[in-house]
**Q** 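Encoded as C-alpha cells, here's the structure I'll be asking about.
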Number of protein chains: 4
Amino acid sequence: MAVAGKRKLRRPEKADANRKGLFQAAAYVVGKHGYANASIGRITERCGLAQGTFYLYFDSRQDLFDQLLPAVGEEMIAYVSKAVHGSRDYFDVERRGLSAFFDYLTKNSGFFRILYESDSVSPEATRTHYENLARKYLKVLERARAEHQIRALTNVERDVLIYVLMGARDYLYRNLVLRGGADETRRNEIVEAFVSILRNGIGPEQTTP
Amino acid sequence: MAVAGKRKLRRPEKADANRKGLFQAAAYVVGKHGYANASIGRITERCGLAQGTFYLYFDSRQDLFDQLLPAVGEEMIAYVSKAVHGSRDYFDVERRGLSAFFDYLTKNSGFFRILYESDSVSPEATRTHYENLARKYLKVLERARAEHQIRALTNVERDVLIYVLMGARDYLYRNLVLRGGADETRRNEIVEAFVSILRNGIGPEQTTP
Amino acid sequence: MAVAGKRKLRRPEKADANRKGLFQAAAYVVGKHGYANASIGRITERCGLAQGTFYLYFDSRQDLFDQLLPAVGEEMIAYVSKAVHGSRDYFDVERRGLSAFFDYLTKNSGFFRILYESDSVSPEATRTHYENLARKYLKVLERARAEHQIRALTNVERDVLIYVLMGARDYLYRNLVLRGGADETRRNEIVEAFVSILRNGIGPEQTTP
Amino acid sequence: MAVAGKRKLRRPEKADANRKGLFQAAAYVVGKHGYANASIGRITERCGLAQGTFYLYFDSRQDLFDQLLPAVGEEMIAYVSKAVHGSRDYFDVERRGLSAFFDYLTKNSGFFRILYESDSVSPEATRTHYENLARKYLKVLERARAEHQIRALTNVERDVLIYVLMGARDYLYRNLVLRGGADETRRNEIVEAFVSILRNGIGPEQTTP
DNA sequence: CATGAATGAGGATTCATTCAT
DNA sequence: CATGAATGAATCCTCATTCAT
C-alpha cells in the first residue's frame, strides 16, 4: 500500500527495527515510570541505542509521546478484537471483550499509565485513541442492532452507551480487578454481573398485579 | 474572639489562609499544567507566597500531591451531594448527580487532570479518593434498594454497578460533554439517555408471543 | 569578677543558661554533623529555644562559630590539666596528659570535628585555641627544664617540641586509638611508647667499642 | 602513535583533560573555600566547563570529594619522595622530607584544608590517604633499622613513631611555618631542631658521676 | 526577652537537545 | 546512519536572617 517514495530507503529493516525498539522501550518506560520520568536516556538505554540516535527517529520527546498511545492502543484493540471473534451474540461479545481486556492489562500492566497520563501529555494522542476505540464499539453495536440482539436505541443513547461501556472496562479493571486483586473466579463473576446489568438495567422488578 | 476588623488576620487565621491558598493554587496549576509541571515556584507565585514558605505547610512537593486529590475530591463530592439533595427517587438521584457532575467539571476544568495523573503521582491519594466516592455510591444504592426503587442485586452486581456508574460519569463527561462541546440541551439528552439505559439495560425488546 | 555594667541585667541566670545551652547544643551538633550542617534550626531545636532566640545571644552563625572552639577547647585543657596534677616529673606529666587526652576524646567524640573544621570555618578561633594550648605546654616545659628533668633546649627546639607534642596527641588519638580501636591495655602501651621515644629519641645505639 | 598537531585533542584525550581539569579546579576551590563552599558551579566555572558536564565525570559531588584527597595526597607524597631520593641516611631523609613538605605546602596552600575537612566530608578518603602515608613511613623506617641507622623499636614504638612523625610535619607546618611566617633560615632551624629532637629525645643530660 | 512565620538566595542534580566525530 | 560528550536551563529544597506579635 502507498506509493513508494523515491527517496533512498536502503537498510529499511534496521531502521524499522530501531523505530520499533524505541516504541517498545518507551511503552515499557512510560508504563513503569510515567511520562514525566521517561527520559530519552532511559528509553534509549533500554533498547540499546545512543541518546542521539533517538532524534533520527523522532523530532522530539513530545513527538514520541504524540505517537505512543495510538500505537499501544491499537495493540490492545487488536488483542480484544481477536478474542471476541466468533462470539454467539452481542452479549457474548461484551462478555469476552471485557474478559480479554482484563487479560491484556494483566499482561501489559503499563498500558493504563500510558493511557491515563497521555491525556495531559498529548491530548491529541488521547483523542485519537478514544476515537479508534469508539469506532470499534460503534460497529459492534450497529451489527448487534441489525441482528435484533439489542433493543432500539436513539442516537444519543447509542453514544452514551459507547462511553459507558468504555468507562466500565476501565473502572472495573482498575478498581475491582487490579486494586481488588481478583482471581479467575472473581473475574468471571464480575464479567457476568456486568453483562447482566448491561442487558437488564437495574430498574425495579415488575410487581405482578 | 473577634471584633475582627477585616484588616489584619490573626496568626492562626493567616496560617489557615496560606494553607488553603496553597491548595487552591496547586489545584489550579496541576489542573492546568499537570503534576510534572507543577513546580513549587509556580504554585507559590500564584498565591503570592515565597517559595520557602511552601515548606512551612508541606513537607515536600510529594506531600502536597498526596493531599491534593482527596481535598479537591471531597469538594466535588460535596458539590454533587448537595445537588442531589431532595431527589424524588433513585433514578432522579442519578439524573441530578450526573448533571451536577457535569456542572462541577465545567466550572473546575482542572479536576480531571488532577484525578488522572494522581494515579501515578500518588497512588495512595487516588485510592483514598475512589474509596470516598465508592462509599457514597454504596450508601445511595442501599437506600434505593431498601425503598424498592431498584431491583435486587447480588453483591458482585452491586460492586460492579458502583464502578460502572463512576466510570460512566467520567467517560461521558470527558468524551461527550468536554470533547463533544455539549450545550445545555445536549447535556440533558445525555443525562436522560444514561438514566434510561441504567434503568432498562439494552436487552432486546420482549417480543410478545 | 569584672565591674558590673550599669545596664539592666535582670534575669541574668536565665540568660546565662540560654547562652550556655546554645553552646552545648552547638558543640553537640557541630561535633556530630559538622559546621556545614550545623544549622541554627538544629542547634536551637536541640536546646529547646526558638530560632529567633539565637540572635539574642549571637550576632550571627559565624559569631557562634568564632567562639565555639575556644570554649570547648578550654574544657579539654582543663580536663587534661586536672589529670596531670600531682605528677612525679615531666615525663609523668606527658604520660598522664596523653592518657587523659585519650580519655577526654573518648567521652567527647565531637571535639575533633570541631577542632578540625574550625580551621576553615574560623581561623581566628583556631588560632586562639592553639595559642591557649601552646601557652600551657610552654609553662610545663619551662618548669621541667628548671628542675633539670629534661635536657637544655634551644628556643627553636622548644618551639618545635611544643608542636610535636601537640601533633602527637592528635595523630596518635585519631589513628591509633580511634581508628585502631585501642583498648585500655593497648592505650597504655601507646602512651609508654610515646614517652620512651620522647625521652630517648630514636638515634642508633651507642656501639660500645 | 599520533601525528598530533597541538590543535585538537582526540576524544579520549579530551576526556582525560576534563577529568584532570575538574580535579585541579576542585583542589583549588576546596583548598580556598572549603568543601562546604565548593559548589559544582564554582568548580566547573574554574575549569571552563558547564555544570552538567561535571556529571559526566563524577556521579555526584560526594563522589568527587571521595576521590579528591587520595588524588592530591598522592601528589604530595610523590613530591616528598622525590625530594628525599639520594639521602645520606635516615635522619637525612627526615630532614629533607620535612623540608620538602614545607615546600610543597607553600606551593599548594590548599592542601591542608583538603586534608582537614576531608575527615568529616569523606572519612573513607581520609583513611585511604593516611594509609598511603603510613605505608610510606613504614618502608622508610624498616630500611633505616635494617641499616642500623636507628635504634631497635618495639612494634608499638614503631607505630607510635609513624604517627608522631606525621603529626609533627602537620603541626610544625601549620603553626610555625604558616602561622609563624617562617623564612628560609627559620625553616632550616626548625627542620634541624626537629631532627635533633627526633634523634636524641629530650631526656636529661647524663650527669657524669 | 522570646517566638516562629516568612523570606529569597543558593546549590545539587536531571535532562532534552545539539553537534563534532 | 549512529554515537555520546557537552550544554545550560529548570527545579526542589535548605537555611540564615528578619520582624511582627
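Order of the sequence lines sets the chain letters (A, B, ...), proteins ahead of strands, with each chain counted from 1. Any value given below was found using the heavy atoms of this structure, including those in side chains, with hydrogens, waters and symmetry copies removed.
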**Q** Could you identify which residues of residues 21-43 of chain B place a heavy atom less than 4.0 Å from some atom of DNA chain E, listed by residue number, or say none?
**A**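 By residue number: none to list.
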**Q** Any idea which heavy atoms bring B:Gln51 and B:Ile40 closest together, and the distance?
**A**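 Result for this residue pair: O-CG2, 4.1 Å.
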**Q** Quickly work out the D:Lys14 NZ to E:dA20 C1' distance and round it to whole Å.
**A**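 Atom-to-atom, D:Lys14 to E:dA20, this comes out as 9 Å.
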**Q** For D:Tyr55 and for A:Gly52, find the nucleotide of DNA chain E with the closest heavy atom, then tell me which residue's nucleotide is more 5'.
**A**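 The residue mapped nearer the 5' terminus is D:Tyr55.
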**Q** Return the value, rounded to whole Å, for the distance between atom CZ of C:Arg61 and atom P of F:dT18.
**A**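 Roughly 14 Å, once rounded to whole Å.
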**Q** I need the CG-P distance between A:Leu56 and E:dT18, as an integer number of Å.
**A**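 After rounding, the gap between these two atoms is 12 Å.
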**Q** Please classify the nucleic acid contact of B:Phe58 as base, sugar-phosphate, or nothing, using heavy-atom distances under 4.0 Å.
**A**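 It contacts nothing in the nucleic acid.
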**Q** Would you call the rings of D:Phe65 and D:Tyr35 parallel, tilted or perpendicular, where under 30° means parallel and over 60° means perpendicular?
**A**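 Taking D:Tyr35 first and then D:Phe65, their aromatic rings stand perpendicular (interplane angle over 60°).
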**Q** Please give the stem ranges for DNA chain F, sorted by first residue number, where a stem is three or more consecutive Watson-Crick or G-U pairs and both donor-acceptor distances are under 3.5 Å.
**A**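 The stems are E:2-21 with F:2-21.
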**Q** For DNA chain F, whose closest nucleotide is more 5', that of A:Phe54 or that of C:Ser60?
**A**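 Closer to the 5' end of DNA chain F: A:Phe54.
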**Q** Within less than 4.0 Å of OP1 or OP2 of E:dA2, is there a side-chain N or O belonging to C:Tyr57?
**A**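 Yes.
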**Q** Got a salt bridge between C:Glu124 and C:Arg127, using NZ or NE/NH1/NH2 to carboxylate O under 4.0 Å?
**A**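 So C:Glu124 pairs with C:Arg127 through a salt bridge.
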**Q** Among A:Asp66, A:Thr128, A:Asp63, which residue meets the side chain to side chain donor-acceptor pair (under 3.5 Å) test with A:Ser122?
**A**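 When A:Asp66, A:Thr128, A:Asp63 are each tested with A:Ser122, the side chain to side chain donor-acceptor pair (under 3.5 Å) holds only for A:Asp66.
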**Q** Can you check the distance between E:dC1 and F:dT21, where both ends of the measurement are the P atom (answer in whole Å)?
**A**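 Result for the P pair: 23 Å, nearest Å.
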**Q** For the pair made of CD in A:Glu45 and P in F:dT3, what is the distance, rounded to whole Å?
**A**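 Computing the A:Glu45:CD to F:dT3:P distance gives 13 Å.
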**Q** Can you tell me the distance, in whole Å, between the CG atom of B:Asp16 and the P atom of E:dA5?
**A**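 So the CG-P distance, B:Asp16 to E:dA5, works out to 13 Å.
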**Q** Suppose we screen for side-chain contact (heavy atoms from CB on, under 4.5 Å). Which residues come up paired with D:Phe23, at least two apart in sequence or across chains?
**A**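 With sequence neighbours excluded, D:Phe23 shows a side-chain contact (heavy atoms from CB on, under 4.5 Å) to D:Arg19, D:Phe58, D:Leu64, D:Gln67, D:Leu68, D:Ala71, given in chain and number order.
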**Q** How close or far is atom P of F:dC12 from atom CD of D:Gln51, stated in whole angstroms?
**A**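 Atom-to-atom, D:Gln51 to F:dC12, this comes out as 17 Å.
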**Q** Just how far, in rounded Å, is P of E:dT17 from CG of A:Asp59?
**A**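 Nearest whole value for this atom pair: 10 Å.
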**Q** Send over the distance from B:Phe65 CZ to F:dT11 C1', rounded to a whole Å.
**A**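 These atoms are roughly 12 Å apart.
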